[in-house]
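What follows is a short report on a single structure.
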2 protein chains.
Amino acid sequence: MAQDSVQNRKASCGLDFACVPDIRQCLAYSAENKYDFSMMPIVHPRYKREFLSGKAKDRQGPFTRSDLLLQSSDWTNMIVGKISPYIDVDSEDHVYRRQCEEALLQEMTFASHLNLCAISVTLTSFNHINLARALFSKVMNPYSYQVWIRVPMESPMVQAMEYRKDIPNKEDLLKEKNNNPWEWWNVFRSVCNYNRRLGVALEVTPDIPSAEEITRWLGEPVRSLIIPTSLFLTNKKGYPVLSRAHQNLLRQFVPLGVQAVVTGSVVHGSVQYYQQYIEHLWQSVKLTDPLVGFARGYEDFLQCPLQPLMDNLESHTYEVFEKDPVKYSEYQAAMLKAIMDRIPEDQKETKSLTVMVVGAGRGPLVRALLNAADKAERKVKVYAVEKNPNAIVTLLSQKEETWHDKVTVVSCDMRYWEAPEKADILVSELLGSFGDNELSPECLDGAQKFLRDDGISIPSQYTSFICPIQSSKLYNEVRLSKEQDKHPLKHFETPYVVHQQNRLELSDTQPLFQFDHPNPDVPIDNTRFKTVQFKIRQNGVLHGFAGYFETVLYKDVMLSINPATHSPGMFSWFPIFFPIREPLHVKEGDVLEVNFWRLNNSKNVWYEWCITKPVPGSIHNPNGRSYTIGL
Amino acid sequence: MAQDSVQNRKASCGLDFACVPDIRQCLAYSAENKYDFSMMPIVHPRYKREFLSGKAKDRQGPFTRSDLLLQSSDWTNMIVGKISPYIDVDSEDHVYRRQCEEALLQEMTFASHLNLCAISVTLTSFNHINLARALFSKVMNPYSYQVWIRVPMESPMVQAMEYRKDIPNKEDLLKEKNNNPWEWWNVFRSVCNYNRRLGVALEVTPDIPSAEEITRWLGEPVRSLIIPTSLFLTNKKGYPVLSRAHQNLLRQFVPLGVQAVVTGSVVHGSVQYYQQYIEHLWQSVKLTDPLVGFARGYEDFLQCPLQPLMDNLESHTYEVFEKDPVKYSEYQAAMLKAIMDRIPEDQKETKSLTVMVVGAGRGPLVRALLNAADKAERKVKVYAVEKNPNAIVTLLSQKEETWHDKVTVVSCDMRYWEAPEKADILVSELLGSFGDNELSPECLDGAQKFLRDDGISIPSQYTSFICPIQSSKLYNEVRLSKEQDKHPLKHFETPYVVHQQNRLELSDTQPLFQFDHPNPDVPIDNTRFKTVQFKIRQNGVLHGFAGYFETVLYKDVMLSINPATHSPGMFSWFPIFFPIREPLHVKEGDVLEVNFWRLNNSKNVWYEWCITKPVPGSIHNPNGRSYTIGL
């Protein structure tokens, strides 16, 4: 995990050529002006021919320029190939369609021959089903190039609206599917089964779409922003600059690692000025949130949740989590308050508290507890209970060096320990990204038998939260994590811990399961079943649910990874992600209903989940067939 | 294939017991009155207990009657166990819900212990998500019993409507999802992932739903009809009879092989009279359609389409198809007309026609042709071209015995034959269930080089048709046909030939691809791409598309397996079925849009299909990865 807290991004900037009279000259021009790559037509229009019939059918000579003009590595690294704009394989004219299909096949095949790393096509409506099929048949190939699907942020129809008197309301026009480029993209990528080689080349338009529309694009695999030179204003010194609104728009995409492409004729002296401006803009996006720095490189990377109850954590894992700058100071604050509440000022000399740290690990909570007691000037008798024999080594050495008889180290699973006395306060840090998912409830239920009847648990409560998410990035990550010899749906029925970057929240986050400690119920029941409804904000595609937790350590001292209430700077937990098997298209205003179960048997705990609205789906992870947490 | 053209069904009839004071007596009573089985509570209500808390928690003694009361085979064969009606695992009261969960688990487990072949639960709304989960967790088990989901044909709410003044319109009430028992079932089985062990026990209500509602039930896995004794009228002799409307209703379900269950108190003398009446009713359903007789035993049984071009047909296959009573007489009629058109009356002595039968098989078309020529009193010179060397044996022996020099037998693939002369008429029977799917276009394109410029092809045209289908039966058949070591989606990307019985047409059938012969185009293009839209008739679940064909043999002589125009009595083709990967819930009035491609390369022909409305899906069988037809 990269620890640098501030990092900037270098812009990768391309230049779009409408036509290429001499490919070497064009590439040299692009490089001289500091561009990293160029977009150019795969086939020179001069060579256009007809395949089925027509006068150009039997034209002699090559159908495009020779591959020998460039070195192989330049074709691969410097060029994004554009499919000829005249190609319309969705034409209603059967003969023209067949001509175009042949031309498209020729261009796609030649791009493979050149080993281009990407090609681009432009969408102008959502009537591109046959184009989608043709491209999909190529990108299915394991060695295929990427395909950039070029769409404008706002459809030309809507852009032109200002000059039309017959359309009264922009909002109405936007609501029509046919006028919304995101809908074009959505149909296209659905037909292509969300293939991960398909990305968006988003053309920035003079008018900026609504914040919601932009947020939705941030949840899509946007590979590049196409920036027309016509968007640039001229500053006092004569250099090209973007309006503040456009700057803010572009900055939002920088963390996704998008590339920029400049298109259009040079109207500000030199084409280099545009590159310089973009470089400058990219550099201005400071990554100052320590969480972002900490999480760098972990964006959308799936991890299996830890199972610290079944598996002993490793030294490195302890080390990383002990560095959290927020978590232990909050624990210390909670313990301080609890200690002060338990021993009034007038009893500080006479009374002592028994505090047990259960799951003490390498001792961070013990240290925080001793600090809190010092600060409170109260006496505490500390037990540090830990089941991992390797961590016991660390605890014992600290006892020897520092703690001495202030702390009793106990090498035992808290659920089975026969404590010599009862505790006033039980302190633990057993929470996972989804709160109870590392079996804190089961552990504390076992430990509370040695808590006094009026004893306190820190944490005293925790609640899990869920939020419906659109992310074809995460969907593809899940899909690719398929394992041989396992149930074919296993990877779609397993939650993952993941720093979710390229995603969209489709609705407000809602609470799910709550646990309180100590728990006076007889018998204690840690199963849960809850149905949650979400109102969908805008048309989108559901790929799964993000999970978070909030916990009350003691009274008003909280920890949270719920985005709305996230403890600033705390990095110990990434969110969890519950995938669903098949993407589900949802509409603005839809009620999405999901049912979650927390279930158990004598050996395991697991979750099941099932969508029942807007359309009923089937149960994920029935009987824990794909994923369980071992007791 | 069973050849009996008329067959009746014996009714399997059960008796429903509301309570069972003595299980042996009840079973004896049921058997004496000629019932085949009984429905009874799994647990006697006397033993009801509480699991979490309450006064019945620690009740002594067994929780139900002993399994020793009956022989094991009687438990299995004679009893459908009913889950206690008080159990409500979807209760909002958490404690009551937990009690019910424990009770349900106990009853389900005891039913397994008794090895019952089926249990039943009753739905009263569509708020049964937790019940669905609990049952699903049982029926997932490979040795599970069946579960009968008991639902009324009309919801009690709607039934009671006649007594309520505040509801103006029955139609409006029915439109509400909550009042439509099919919707309850639809959510329930979706949550249970269409598990094939879940069936419907449909309770017949006094009011009969609309024809559309009934048709929808006919597309569901209805296992039994529950018939209340209160529905019976008394005839002149004092015996119970059903109204004509109810008789017609019940008759529609007989071909599905449903069982009948009589419920309610005996109000017509003896309980045996009800069984006798039902037996009588079942026997009255005559299966007189020869196609139905022919297809008996093939209902919803998936077959891979024949590939007669790649594989040589076997003798048995030829024999079956030669028996079709309709197909060859229509061919003969077409040939007769064509011959008469080609040789006017005044040239009958002087002129002779050259007719080539391409793909002659064992000679049925040759025989039909010679009959036609005899009838027309015209002279024909016949070539019988066949690529299967085994069938050539049959052709040559017929030539030797009967045809002599009227017929020239040619052992050759028609696509590569160098004919010694040109033909006036080319006759073939190369059509599959979907028309072109056995590569008739490709074969005839090859053969037409030896057709005269003004020559005739019989057939001269064929068109494929598709219709969106709901059938959880077919969906499960496809799902179960999964093959190890194959692409996991293969079985969902393959069309099947299947006699479709337990299914519902969701919209009107529409034409898809058309082929004409001879084909004057240069080059000939047998690829196709077409987008078809369907208006959905009522809420339902799409599982795939039925495919049919119509062909014009010559002028007005047609063959068809399109249900709307089906050639009466012709049995040579069952329909084809194109599955889709995931069931798609559709609503009344939805526009369903599907795209079909017919594609080819030098070795294969294949179809691809993709739904784009109401929600976009992904392409099935891209690049023919799961299914191709070999050239």
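As the structure is a prediction and not an experimental result, all values here were calculated from the model. Proteins come first, then strands; the chains are lettered A, B, ... in the order of their sequence lines, and each starts at number 1.
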Where on R189(A) is there a heavy atom nearer than 4.5 Å to chain B: the side chain, the backbone, both, or neither? neither

Can you check whether W597(A) reaches N130(B) side chain to side chain, under 4.5 Å on heavy atoms? yes

Interatomic distance, E101(B) atom CD to D525(A) atom CG [nearest 0.5 angstrom]: 8.0 Å

Kindly indicate whether the side chain of R625(B), heavy atoms from C-beta on, has any atom under 4.5 Å from the side chain of M140(A). yes

Can you sort out the partners of R528(A) under salt bridge (charged side-chain N to carboxylate O under 4.0 Å, His left out), two or more places apart, ordered by chain and number? none

Using a 4.5 angstrom heavy-atom cutoff, name the option from C610(B), P622(B), A132(B) with the most pairs to chain A. P622(B)

Side chain proximity check, F529(B) to D90(A), heavy atoms < 4.5 angstrom: yes

Side chain, backbone, both or neither: which part of L584(A) has a heavy atom under 4.5 Å from chain B? neither

Is there side-chain contact between N595(B) and R133(A), with at least one heavy-atom pair below 4.5 Å? no

Heavy atoms only, distances under 4.5 angstrom: which of N186(A), L599(A), V191(A), N193(A) has the most pairs with chain B? Name it, please. V191(A)

